[in-house]
Amino acid sequence: MRKLVLLALVGFAAQLVDGSLGMGYGVTSATLLLAGGLGPAAASAAIHFSEIGTSLVSGASHHALGNVDWRTVGILAAPGFVGAFVGATLLAHADATTARVGVAAILLVLGGYVTWRFLVPQRLRFEGRLSVRFLAPVGLVAGLVDAVGGGGWGPVGTTTMLSSGRLEPRKVVGSVDAAEFVVTIGASLGFLLALGTQGVDWAFAAALLVGGVIAAPLAAVVVRYLPARVLGVTAGGLIVLTNLKTLADAAGVPGVTTGLLASVTVTMWVLWISWAVKLDQAEREGGALRPGDLVAAKID
């Protein structure tokens, strides 16, 4: 019983992050389940079954607050379904370590770009529309990575869409979360066919679901009112941090070194967010900040 309560709390925290930043639910939940001794396929299956409920509530909450671009959702969802179904089938029969490292390297670069883009002291503009040729491959790859890694729909989808600069961050997060409902159904069907009902820990899935459903509406409110620049930098920093750890673990870097690297990254992340807040305040007041102003602010 204690383990199920802990999982519910993890589901709450993971969905709060995921619904606010467009990523984090699968990665957070998968880490805990794997650490608890559950196999990769069983862990990913439990996560995706719980996400059917959490993504539905999250998408509805984002829609109610105007965070969803339904054209984007419509283009992302179908390729995401196909990618997730294929990924779930592959995971049941293959080792996904190599693919996970490759994806982490790509996301690290994209995360750095997203962070840089929102830290540049110039007024943000979100113009134009994301094309079908751009969104369809993103949905397919994100769905595939999501099922294989137990999480990845948000990191791949949100990061790539933010890097385009076309859609404002809150609409990116809301649209990715809304499309995730279809993606989780694809992954869940794949796991059912590959593993059968005996391969799914339904108690774990239910515990994650309860916590996630409670957090989903709160996260949608955060996205609605958090400034675009701060949201973008926060998401970018999370991408950098999580994928640095993935690559460090894959390379066999000692735990002490990994911890030191994480500490430096977190410190920089906090400074990036502080700078983003100052840029947003300056824009609201009609002024502009120069890069050197950050140093002065820290000294003060």
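Every value quoted in this text rests on a predicted model; they were computed, and no experiment measured them.
Going from atom CG of Leu119 over to atom CH2 of Trp275 covers 8.5 Å, rounded to the nearest 0.5 Å. Between atom CG of residue Leu261 and atom OG1 of residue Thr257 there is a gap of 8.5 Å, rounded to the nearest 0.5 Å. In this structure, CG on Leu192 lies 12.5 Å from NE2 on His48, to the nearest 0.5 angstrom. With rounding to the nearest 0.5 Å, the separation of CG in Leu56 from OG in Ser61 is 9.0 Å. Between the CZ atom in Arg129 and the OG atom in Ser164 there is a gap of 13.5 Å [rounded to 0.5 Å]. Atom CZ of Phe49 sits about 10.5 Å away from atom CD1 of Ile185, to the nearest 0.5 Å.
Note on Val277: it clusters hydrophobically with Leu226, by side-chain heavy-atom contacts below 4.5 Å among ILVMFWY residues. No chain of hydrophobic side-chain contacts below 4.5 Å, direct or via other Ile, Leu, Val, Met, Phe, Trp or Tyr residues, connects Leu135 to Val68. With hydrophobic clusters built from ILVMFWY side chains whose heavy atoms lie under 4.5 angstrom apart, Leu65 does not share a cluster with Val222. By the rule that hydrophobic residues join a cluster once side-chain heavy atoms approach within less than 4.5 Å of another member, Val176 and Val132 end up as members of one cluster. Leu271 is connected to Leu241 through a chain of hydrophobic side-chain contacts under 4.5 Å among Ile, Leu, Val, Met, Phe, Trp and Tyr, so both are in one cluster.
What you find for Val213 and Thr54 is that their closest heavy atoms are N-CG2, 3.8 Å. Residue Gly237 comes nearest to Thr115 through the heavy atom pair N-OG1, 3.5 Å, listed as atom of the first residue, atom of the second, then distance. Nearest heavy atoms, Leu167 versus Val172: O-CG2, 3.5 Å. Trp269 and Val233 get closest at one heavy-atom pair: NE1-O, 3.7 Å. Of all the heavy atoms in Leu76 and Met161, the pair that sits closest is CD1-SD, 3.8 Å. The minimum heavy-atom distance linking Gln15 with Ala219 is given by the pair O-CB, 4.0 Å.
Looking only at distances, a side-chain donor or acceptor of Thr267 sits under 3.5 Å from a matching main-chain atom of Ser263. Side-chain N or O atoms of Thr184 include one that pairs as donor or acceptor with a backbone N or O of Phe181 at under 3.5 Å.
Contact check for Ile75 versus Phe134: no side-chain heavy atoms found under the 4.5 Å cut-off. Put simply, the side chain of Asp146 does not reach to within 4.5 Å of the side chain of Val156, judged on heavy atoms.
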Does the side chain to side chain contact (heavy atoms under 4.5 Å, CB included) test come out yes or no for Val240 and Thr265, once each step is laid out?
-> CA-CA 8 Å; Val240 170; Thr265 304; 4.1 Å; yes
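Screening Asn67, Val73, Val57 for a side chain to side chain contact (heavy atoms under 4.5 Å, CB included) with His62, the sole residue that qualifies is Asn67.
Residue pairs meeting the salt bridge (Lys or Arg N to Asp or Glu O under 4.0 Å) criterion with at least one partner in residues 248-266, sequence neighbours excluded, are Lys245-Asp249.
Leu218 belongs to a hydrophobic cluster whose other members, connected by ILVMFWY side-chain contacts under 4.5 Å either directly or through intermediates, are Phe12, Leu16, Val210, Ile214.
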